[in-house]
Novice: 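So that we are looking at the same thing, I have put the structure below in structure tokens.
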Amino acid sequence: MLLPIYLSLNVLVLSVGQGTGTPIRLADGAKNYGRVEVYYNGQWGTVCDDWWDLNDANVVCRQLGFERAADSKGGAFYGRGAGPILLDDVGCIGNETSLDQCRHSGIENHNCGHTEDAGVVCNSDTETIEAIRLADGADNYGRVEIFYNGQWGTVCDDEWDLSDANVACRQLGFESAAESKSRAFYGPGAGPIVLDDVGCIGNEISLDQCRHSGVENHNCGHTEDAGVVCNSYTDTIEAIRLADGADNYGRVEIFYNGQWGTVCDDWWDFNDANVACRQLGFESAAESKSRSFYGPGAGPILFDDVACVGNEISLDQCRHSGIENHNCVHGEDAGVVCNNETDDTEEPEYSSGEIDLSINSPRPGTGTPIRLADGAKTYGRVEVYYNGQWGTVCDDGWDLNDANVVCRQLGFEIATRSLGSAYFGRGVGPILFDDVACVGNEMSLDQCRHSGIENHDCGHGEDAGVICNSDTETIEAIRLADGADNYGRVEIFYNGRWGTVCDDGWDLSDANVACRQLGFESAAESKGRAFYGPGSGPIVLDDVGCIGNEISLDQCRHSGVENHNCGHTEDAGVVCNSYTDTIEAIRLADGADNYGRVEIFYNGQWGTVCDDWWDFNDANVACRQLGFESAAESKSRSFYGPGAGPILFDDVACVGNEISLDQCRHSGIENHNCVHGEDAGVVCNNETDDTEEPEYSSGEIDLSINSPRPDETDDTEELEYSSGEIDLSINSPRPDETDDTEEPEYSSEEIDLSTHIPRPERGDKFHDDPFYTVLLPTTGALLFMLAMLGTVVVVVMRRLGRRGTRKDQEEVALSLDQLDQYSSKGDSNTYGKLPEEQLDQPDKCSASA
């Protein structure tokens, strides 16, 4: 019974691999996002999220008619499905036309529950934003609203930052963004929330070109509506002056839209004062003033949250909150004291009262002293030295721009990551900076916009940290351990010893970089969970995030050298592809010209291919490599007998358009977990076959699925098979191409397997055919056992017959005597001359027996 079950499973798997693709849909979402469901065997089922990534999502989205995928989802993001879990361990390359063409663990072969149902978010050309506007603000600032599907909706502020704001502002016709706003800064909107998790690089033309979670796919409320403040060439200050002071100091006032107005002192510092003074014609600023130091002004408050780098020509080129966009009163009007080369008078001296306003005093070029605490040389909690003690920085608004400034100030090249929530532990002492907002090109942290020294609303649970990258973090060497030349655990040599890489975030892009660094062409697969065994020594890298074009792993984003939260059970590995893995030759063994066990010649000997993941796509590549048009069938479980020599390939996963098997994804040369009982085989189609294929009977069990097709040059008549209950014609030998003899006819009577089945010699076309190697010996053994059983029954019955009545025994004896008398006369028709009553005696004898 195992053989029919196995063959029927093969039919199921092959039916999934049709060119048009298995029916697929998105459930419990919307048109372009939801839980992935596949239709199979009359019902809808789900896909497990093991190994589910953007490549798999791209295939699903294209199969559904979308352009590409925006995101892959796991953990039953769109709710738990019902029905069977049809696919698991899906591994698409990304260019497949349907999900069933991707590598997977087999239909309904999984170790998952519906809490792991996979989902996708698809992007489509039809998702174009029809229009964009700013609401509840002014021309250049307000709540971002987009017009989609006939109505205006908002954008959620999850992941909303300056890059997203830049795209929105340019789409609105402005030069750039001055600031990104969140938490419904311009009030909550109405209507649908159209976009969430927007992630623009910054060079997109419109928001719909940015990565996002899908149209109207969000987990937000209108209290999270995003906004922007845009910079525009139209915000030019027409004039600037100093009021209620003297030539070189006073309250800063600017002329705009026909009237004079003031500047609010929020974020006002020495950099801003320098720009104002140079715009006024002075060399530089001596001091910045706040809190209406020169008295409150009148008219509109035109600028707020001014944050100049210091090299701008005028205040309108600095980052600010937008013209007349502020939360200030005239008691916060800003002022300056400017330096003038022609001024020989002494500057006024200000008292050193209890309130030290040195926050806005000019800082030396080297910047305030800074250090990294509770980490290592390249990472840790950011601490600043001020007023005789070290203090921390609050993480409000803390981002990569701020971290970049810190890292450069510390002498590193750039920052890898900005961290908050006391990632490196809580500090002590004062919290010196809050709401830090660096542009990114400042020389020191104190040149960035911030809320003022010790002006904060934070606790040490919000201390900020950084991870810096440096040219000194170069990996000295890389190797593969506990594997072979092209696969193994990734180990890197750093600081005089070998260490490992944690698998957090480890994927094919990272593996590609590692393999190229090792001298290979590319990666075939990325491995996690200490696939090649746990290593030892330090865990050198974690959270590696390569784009894929880097030259070495140390150029990729990572959490910092030896900064990790891993154990060696998470050591990462790779399987690399190489030009040296080329198959020298391929053949079919123990079959015929167009079918047999697949064997490949490598490193001076023939070896086999394991049937793990072996399917019709793989068979197609093998057959074309052998010179055939295509494959008729893929075979597994040593269908053509177990081979010998090394098992060279395992986990082969061809797309189907490769030229040879070595171009397909596989586990690496001689890297397998197989035995020869799993050797793969193929049946190839040959264009020269002109004969009709055999017709198989409609018996109760039709095993013809796996019968080889007749060779194309065979001119003999086709075999006719009886319609008996058990049709064993599946494994009958195929007619030889040059055989002109009549083919045997098989009757529909009882099956006699004892004759007309010559044992093939070595080299015979059907040597090691399963009919001879499996079914025939099994049938012979069964017949022998039946014969023995019959003998036992006869002996038992004879003994039972002796217990009959004496009369029956005498009648039997008389009949036997009469038979002897007639036999002694040599009569050839003994039974015909017996009386009728005596003719019945043998029947009685038989009955007694």
Side-chain angles (χ1 to χ4, degrees), residues 13 17 51 89 91-93 96 101-106 480 483-488 508 511 515 520-527 531-532 573-591 595-628 631 633-684:
V13 175
W51 307 112
D89 297 329
C92 301
I93 295 175
E96 297 86 351
Q101 292 181 358
C102 300
R103 170 181 171 181
H104 56 80
S105 62
L480 298 179
D485 287 344
N486 68 318
Y487 61 90
L508 195 63
C515 286
F520 294 98
E521 179 190 9
S522 61
E525 196 167 356
S526 62
K527 296 290 188 180
F531 187 86
Y532 297 103
V574 294
V575 178
C576 300
N577 280 327
S578 171
Y579 289 118
T580 61
D581 286 348
T582 305
I583 295 174
E584 301 171 43
I586 187 171
R587 71 180 181 185
L588 298 179
D590 292 338
Y595 61 89
R597 181 177 60 254
V598 176
E599 294 194 351
I600 54 182
F601 193 75
Y602 176 78
N603 202 21
Q605 59 182 329
W606 289 98
T608 62
V609 177
C610 181
D611 64 4
D612 293 347
W613 309 112
W614 186 256
D615 62 12
F616 193 68
N617 285 339
D618 310 321
N620 258 331
V621 173
C623 286
R624 285 201 307 271
Q625 189 175 358
L626 285 159
F628 295 99
E633 199 167 349
S634 63
K635 296 292 187 182
S636 57
R637 298 189 181 178
S638 298
F639 188 84
Y640 296 103
I647 299 174
L648 295 175
F649 280 0
D650 188 18
D651 297 331
V652 177
C654 303
V655 176
N657 54 6
E658 296 87 351
I659 298 174
S660 62
L661 283 178
D662 56 314
Q663 292 183 358
C664 301
R665 175 178 172 182
H666 57 81
S667 63
I669 299 286
E670 297 189 47
N671 179 28
H672 65 87
N673 59 351
C674 306
V675 294
H676 281 298
E678 300 171 80
D679 286 343
V682 293
V683 179
C684 299

Novice: What I'd like to find out is whether the side chain of Val575 reaches to under 4.5 Å of the side chain of Tyr532, using heavy atoms alone.
Specialist: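 SC-SC contact between Val575 and Tyr532 confirmed.
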
Novice: Find out whether Leu661 and Glu658 are in side-chain contact, i.e. whether some heavy atom of one side chain is under 4.5 Å from a heavy atom of the other.
Specialist: no

Novice: Do Phe601 and Ile586 touch side chain to side chain, with heavy atoms closer than 4.5 Å?
Specialist: no

Novice: Test side chain to side chain contact (heavy atoms under 4.5 Å, CB included) on Asp611 and Asp650 and set out the steps.
Specialist: CA-CA 7 Å; Asp611 64 4; Asp650 188 18; over 6 Å; no

Novice: Any side-chain heavy atom of Val574 within less than 4.5 Å of one from Leu480?
Specialist: yes

Novice: If you compare all heavy atoms of Trp606 against all heavy atoms of Pro646, which two are closest, and at what distance to 0.1 Å?
Specialist: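 In this case the closest contact between Trp606 and Pro646 is O-CD, 3.6 Å.
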
Novice: With a 4.5 Å heavy-atom cut-off, do Asn620 and Cys654 have their side chains touching?
Specialist: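 Side-chain contact under 4.5 Å: no.
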
Novice: Using side chain to side chain contact (heavy atoms under 4.5 Å, CB included), reason through Asp651 and His666 one step at a time and then give a plain yes or no.
Specialist: CA-CA 5 Å; Asp651 297 331; His666 57 81; 5.8 Å; no

Novice: Less than 4.5 Å apart, side chain to side chain, heavy atoms only: is that true for Tyr640 and Val683?
Specialist: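 They are in side-chain contact.
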
Novice: Once ring-ring contact (aromatic ring centres under 6.0 Å, His included) is applied, do any residues pair with Phe531, and if so which ones, sequence neighbours excluded?
Specialist: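 Once residues adjacent in sequence are excluded, Phe531 has no partner under the ring-ring contact (aromatic ring centres under 6.0 Å, His included) criterion.
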
Novice: Does Asp89 have any side chain to side chain donor-acceptor pair (under 3.5 Å) partners at least two apart in sequence or in another chain, and if so, which?
Specialist: Trp51

Novice: May I ask you to test the Cys664-Val621 pair for a side-chain heavy-atom distance under 4.5 Å?
Specialist: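 They are in side-chain contact.
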
